[in-house]
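Note sheet for the following structure.
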Amino acid sequence: MATLPNGIKHLPGYLDRAAQKHLVDTIRQIVVEAPLYVPAMPGTGKPMSVRMTNCGPLGWVTDKTRGYRYQSTHPVTGKAWPEMPQELLDLWGKLADHVNPPEACLVNFYSDDAKMGLHQDKDENAFDAPVLSISLGNTCLFRVGGFDRKAPTGSFKLSSGDIVLLGGEGRLAFHGVDRIYPDTSTLLKNGGRINLTLRRVNP
DNA sequence: GAGTGTCG
DNA sequence: TGCA
């Protein structure tokens with residue numbers, strides 16, 4: 001485990017291959033119930049390069065007119081998000097150091113050419129709880145900065161099975177994904193990367 | 001002015 | 001990595 005200068009924790013190889021495979025199977029089932037959709041930027045409506053879905057009581061969504069928010073239903077199907085799987089509740093219990101369970105698990109699917117610009121996770125009302133991030137599939141280059149957008153940034157690779165905790169000082173750190181490295185994992189048959197982020201939304 | 005954006 |  002490495003503690004970065006800004007307080008962000010990186011746990012390389014936290015999940016073994018079996019646990020990763022099991023999670024992928026779980027996510028596959030979630031995607032059947034709650035299909036991946038293309039989120040859009042507020043205002044411009046510009047599509048993001050990642051595809052998204054969620055599980056848990058709440059899900060993070062965005063579209064052109066209503067912007068970033070959490071809601072209890074899938075924006076396309078209108079159905080409630082699938083239940084939060086037990087294995088994710090267990091991981092949160094082990095690593096999050098927070099009394100309450102996570103309410104949202106955002107599932108981001110990155111194709112090999114997808115990116116995520118530098119941003120803060122600040123649509124929650126519970127900054128005392130960390131954001132717990134799980135990487136599955138191809139390696140990515142992850143960039144982390146500080147509390148202000150202009151603070152200097154640094155980058156490091158995240159591999160399949162790695163976990164990152166954005167907590168404490170690092171909870172509101174700017175972060176993003178610069179690039180995906182194709183063919184760096186055999187976990188996902190069709191390439192790409194899945195990132196799961198567990199969040200507490202309500203205080 | 002800001003950006004879960006893109007470009008060089 | 002920083003700037004546009």
Side-chain angles (χ1 to χ4, degrees), chain A residues 2 4-10 27 30-31 34-56 58-76 81 102-127 129-158 162-167 169-182 192-201:
Chain A
L4 286 71
N6 49 24
I8 291 168
K9 287 177 190 163
H10 179 200
I27 297 306
I30 285 167
V31 167
L36 292 166
Y37 74 100
V38 178
M41 298 284 291
T44 62
K46 191 174 283 252
M48 293 170 59
S49 59
V50 297
R51 292 190 294 154
M52 292 183 176
T53 189
N54 290 268
C55 60
L58 291 172
W60 186 88
V61 298
T62 172
D63 58 32
K64 176 175 175 158
T65 55
R66 298 176 64 195
Y68 307 151
R69 63 197 187 274
Y70 281 92
Q71 64 180 39
S72 58
T73 56
H74 190 290
V76 177
W81 300 109
E103 293 167 293
C105 173
L106 175 59
V107 178
N108 283 161
F109 176 75
Y110 292 77
S111 55
D112 285 334
D113 60 358
K115 296 180 262 303
M116 178 78 78
L118 208 60
H119 67 280
Q120 285 175 304
D121 289 3
K122 59 174 183 190
D123 301 311
E124 304 75 27
N125 299 308
F127 296 135
V131 171
L132 192 165
S133 159
I134 304 163
S135 294
L136 298 168
N138 284 340
T139 299
C140 77
L141 185 63
F142 186 65
R143 183 165 297 278
V144 188
F147 180 77
D148 300 297
R149 179 177 283 279
K150 22 183 113 143
T153 63
S155 65
F156 54 96
K157 286 180 180 180
L158 292 180
D162 288 9
I163 286 182
V164 172
L165 283 159
L166 301 153
E169 295 280 291
R171 174 61 182 76
L172 289 169
F174 274 84
H175 59 282
V177 173
D178 285 356
R179 67 164 298 192
I180 307 292
Y181 299 96
R193 169 178 184 263
I194 293 170
N195 182 67
L196 309 177
T197 47
L198 302 179
R199 297 113 183 265
R200 179 75 199 175
V201 178

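Quick note on labels: first sequence line is chain A, next is B, and so on, each numbered from 1.
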For Thr53(A) and Val31(A), indicate whether the former's side chain and the latter's backbone hold a donor-acceptor pair under 3.5 Å. no
Taking [atom1] from [X] and [atom2] from [N], how many angstroms apart are they, rounded to a whole number?
{"X": "Gln120(A)", "N": "dA2(B)", "atom1": "CD", "atom2": "C1'", "answer": "12 Å"}
{"X": "Met41(A)", "N": "dT6(B)", "atom1": "CE", "atom2": "P", "answer": "8 Å"}
{"X": "Met116(A)", "N": "dT6(B)", "atom1": "CE", "atom2": "C1'", "answer": "15 Å"}
{"X": "His175(A)", "N": "dG3(B)", "atom1": "NE2", "atom2": "P", "answer": "13 Å"}
{"X": "Lys115(A)", "N": "dG5(B)", "atom1": "NZ", "atom2": "P", "answer": "10 Å"}
{"X": "Leu118(A)", "N": "dA2(B)", "atom1": "CG", "atom2": "P", "answer": "14 Å"}
{"X": "Arg143(A)", "N": "dC3(C)", "atom1": "CZ", "atom2": "P", "answer": "13 Å"}
{"X": "Phe174(A)", "N": "dT1(C)", "atom1": "CZ", "atom2": "P", "answer": "17 Å"}

Of all the choices, dG3(B), dT1(C), dG5(B), which nucleotide is nearest to the side chain of Lys46(A) once you look at every atom? dG5(B)
The side chain of Met48(A) lies closest to which of these nucleotides: dG3(B), dG5(B), dT1(C)? dG5(B)
Does NZ or CZ of Arg171(A) come closer than 6.0 Å to the centre of the six-membered ring of Phe127(A), within 45° of the ring's axis? no
Would you tell me if any nitrogen or oxygen in the side chain of Arg149(A) comes within less than 4.0 Å of OP1 or OP2 on dG3(B)? yes
side-chain N/O Thr44(A) vs dG3(B) OP1/OP2, d < 4.0 Å: no
Pick base, sugar-phosphate or nothing for Asn195(A), based on heavy-atom distances below 4.0 Å to the nucleic acid. nothing
If you look at every strand shown and take non-hydrogen atoms under 4.0 Å, does Gly43(A) touch a base, only sugar-phosphate, or nothing? nothing
Tell me whether the count of non-hydrogen atoms from other residues, nucleotides or ligands lying under 6.0 Å of CD in Gln71(A) goes above 12. yes
Watson-Crick/G-U partner (both atom distances under 3.5 Å) of dC3(C): none
dG5(B): pairing nucleotide in any strand, Watson-Crick or G-U under 3.5 angstrom: none
Checking Trp60(A) against Asp123(A) for the side chain to side chain donor-acceptor pair (under 3.5 Å) test, could you report, in this order, the C-alpha distance in whole Å, the side-chain angles of both residues, the deciding distance, and whether it holds? CA-CA 8 Å; Trp60(A) 186 88; Asp123(A) 301 311; 2.8 Å; yes
Decide salt bridge (Lys or Arg N to Asp or Glu O under 4.0 Å) for Asp178(A) and Lys115(A); before the verdict, give the C-alpha distance in whole Å, the side-chain angles of both, and the deciding distance to 0.1 Å. CA-CA 6 Å; Asp178(A) 285 356; Lys115(A) 296 180 262 303; over 6 Å; no
